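None of the values given here were measured: they were computed from a predicted structure.
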Amino acid sequence: MARFELKLPKMGESVAEATITNWLKEVGDKIEADEAVLEIATDKVDSEVPSEVSGILVEQLFGKDDLVQVGQTIAIIETEGGDAVITETNAVEESAVPAEAVEIENTIEAVKETVAGEDFSGSEKFFSPLVKNIAKEENISLSELENMAGSGKDGRVTKEDILKYIEDRKSGIVTPKSAPIETATATAAPVTPKAPEPVVQKSQQAVPVSVNGGDEIIEMDRMRKLISGYMTASVQTSAHVQSFIEVDVTNIVKWREKVKAAFEKREGEKLTFTPIMMEAVAKALKDFPGMNISVDGDYIIKKKNINLGMAAALPNGNLIVPVIKNADQLNLVGMAKAVNDLGNRAKAGKLKPDDTQGGTYTVTNVGTFGSVFGTPIINQPQVGILALGAIRKVPAVIETPEGDFIGIRQKMFLSHSYDHRVVDGALGGSFVKRVAEYLEAFDVDRDF
């Protein structure tokens, strides 16, 4: 029998870790090649990790809610074959590293494991390998670890719990259990941090909520907690300012109505208004690169690529922002395919972590739900976000050489939120005006 190491795969340039949310296979289960073994979650996307081989799952190296780094082994699968441990990088490592160097490295690692800290195998409580390693590196005793308050499932100690404990211990809020303390007892109570100063406590304290017998208490799911944190942090980070402009999109409405059937027949894709709007936004960002930036402390980073995020509502009511990479290089057909692909995969929960990374500007379609305009919150670390309002038939003054008259036009509002730390009204207003100009100048005779 051979043992295959299932590792956490690379999921994108900026994704370095993921949390295990569910094991789909248990120890002893048979696994087919390409069959999902577990579910993981990054800061924005949930996905599955499939097996590359067929065999029997013999070991789970991490538990639910554990944080795993990209490249770490998360499970062992026993396959038909020899006794060797199979990994993706065995061939490269064996050819690139001399046998003597491997032997020396293994010896060093064995010594480090022996002296870094005590053995936690005698504990009845479960601790993930990551938590054990951190405990050994920080010389945390088994008794300290067992008495540590855990926020994971069934009170399990997570990476965040032990790092918080270490931070508190270094700052003197808690004291290592091995230190002689006159007031310490044989069974220490859970660690209680010092009370913060009144001013800090007042600013962090939530307003009490009254609950009666008829109310239902529902805990936020993981994604809603993340969204809550992102939105609060964005409002606290950026000085939000809004500009609004009304746009006549009558020509776009007529053109789409005329070509949408032929478009779907030729391209196999539905033509919505979204790719038309995204095309105009991408053009405007090329005209105003000052909107295609991010802020890092006292520095402004001008982005080379124009990567448009498009906010998408999920069936469960949550929100996700997949990204169209190099949007300015796409024609209308390419934009429509990208919009439909990301939108469909978002609804089906099939987005990959890299699909939500690298955005430089975001567009959200609030008109989908009937809103005329909105004041969207900036998607950090970007500096602007554009809300597309609902398209409505309205009476409007139409100017002609023969004079003005009242007619029925298709109009919508564009709502532009931007970060006043680095974007002033001249730039923020000029940008959204340019988007409007591209939309109103839409060529009704163009091919798709």
Output yes when a side-chain donor or acceptor of [X] lies under 3.5 Å from a complementary backbone atom of [Y], and no otherwise.
X: R392; Y: Q410; value: no
X: S417; Y: P376; value: yes
X: H240; Y: I378; value: yes
X: S228; Y: R224; value: no
X: N307; Y: G358; value: yes
X: S415; Y: T375; value: no
X: K337; Y: E267; value: yes
X: W23; Y: F62; value: yes
X: D443; Y: D445; value: yes
X: Q72; Y: Q69; value: yes

Shortest non-hydrogen separation from [X] to [Y] and the atoms involved:
X: V247; Y: A436; result: CG2-CB, 3.6 Å
X: G428; Y: V423; result: N-CG1, 3.7 Å
X: P322; Y: L351; result: CB-CD1, 4.1 Å
X: L314; Y: A346; result: CD2-O, 3.2 Å
X: I276; Y: F442; result: CG2-CE1, 3.8 Å
X: L386; Y: V432; result: CD1-CG2, 3.8 Å

Is there side-chain contact between [X] and [Y], with at least one heavy-atom pair below 4.5 Å?
X: K303; Y: I293; value: no
X: V363; Y: M278; value: yes
X: V70; Y: E17; value: no
X: V295; Y: I301; value: no
X: V249; Y: E440; value: no
X: D355; Y: L342; value: yes
X: I324; Y: M335; value: yes
X: R266; Y: V333; value: yes

Indicate yes or no: does [X] engage [Y] in a salt bridge with an N to O separation below 4.0 Å.
X: K411; Y: D248; value: no
X: D341; Y: R345; value: yes
X: K260; Y: E264; value: no
X: E279; Y: R446; value: yes
X: E257; Y: K254; value: no
X: D287; Y: K283; value: no
X: K7; Y: E5; value: yes

For the residue pair Q380 / S234, report whether a side-chain donor-acceptor contact shorter than 3.5 Å exists. yes
Side chains of Y165 and E144: do they bring a donor and an acceptor to under 3.5 Å? yes
To the nearest 0.5 Å, what is the distance between [atom1] on [X] and [atom2] on [Y]?
X: I140; Y: L145; atom1: CD1; atom2: CG; value: 7.0 Å
X: L24; Y: S51; atom1: CG; atom2: OG; value: 12.0 Å
X: I252; Y: M412; atom1: CD1; atom2: CE; value: 8.5 Å
X: F4; Y: T73; atom1: CZ; atom2: OG1; value: 9.0 Å
X: F288; Y: F431; atom1: CZ; atom2: CZ; value: 8.5 Å
X: T360; Y: N292; atom1: OG1; atom2: CG; value: 3.5 Å

Could you go through I377 and I385, starting from their C-alpha distance and side-chain angles, then the distance that decides it, and tell me whether this counts as side chain to side chain contact (heavy atoms under 4.5 Å, CB included)? CA-CA 7 Å; I377 297 174; I385 180 171; over 6 Å; no
Take S294 and Q382 through the side chain to side chain contact (heavy atoms under 4.5 Å, CB included) test and state the conclusion after the steps. CA-CA 5 Å; S294 62; Q382 300 165 26; over 6 Å; no
For K225 and D221, run salt bridge (Lys or Arg N to Asp or Glu O under 4.0 Å): C-alpha distance rounded to whole Å, both residues' side-chain angles, the deciding distance at 0.1 Å, then the answer. CA-CA 6 Å; K225 291 177 182 177; D221 60 25; over 6 Å; no
Derivation and outcome, salt bridge (Lys or Arg N to Asp or Glu O under 4.0 Å), residues K352 and D354: CA-CA 5 Å; K352 300 175 181 178; D354 199 42; over 6 Å; no
Given F273 and V253, is the side chain to side chain contact (heavy atoms under 4.5 Å, CB included) satisfied, shown in steps? CA-CA 8 Å; F273 290 109; V253 173; 4.0 Å; yes
I162 and M148: CA distance, side-chain angles, deciding distance, side chain to side chain contact (heavy atoms under 4.5 Å, CB included) verdict: CA-CA 8 Å; I162 193 169; M148 199 176 296; 4.1 Å; yes
So, for H416 and F244, is the gap between ring centers shorter than 6.0 Å? no
Here's a test for you: under side chain to side chain contact (heavy atoms under 4.5 Å, CB included), which of L38, I40, L61, D66 qualifies with I74? L38
Give the intermediate values and the outcome of ring pair (Phe, Tyr, Trp, His ring centres under 6.0 Å) for residues Y361 and Y418. CA-CA 10 Å; Y361 187 88; Y418 46 95; over 10 Å; no
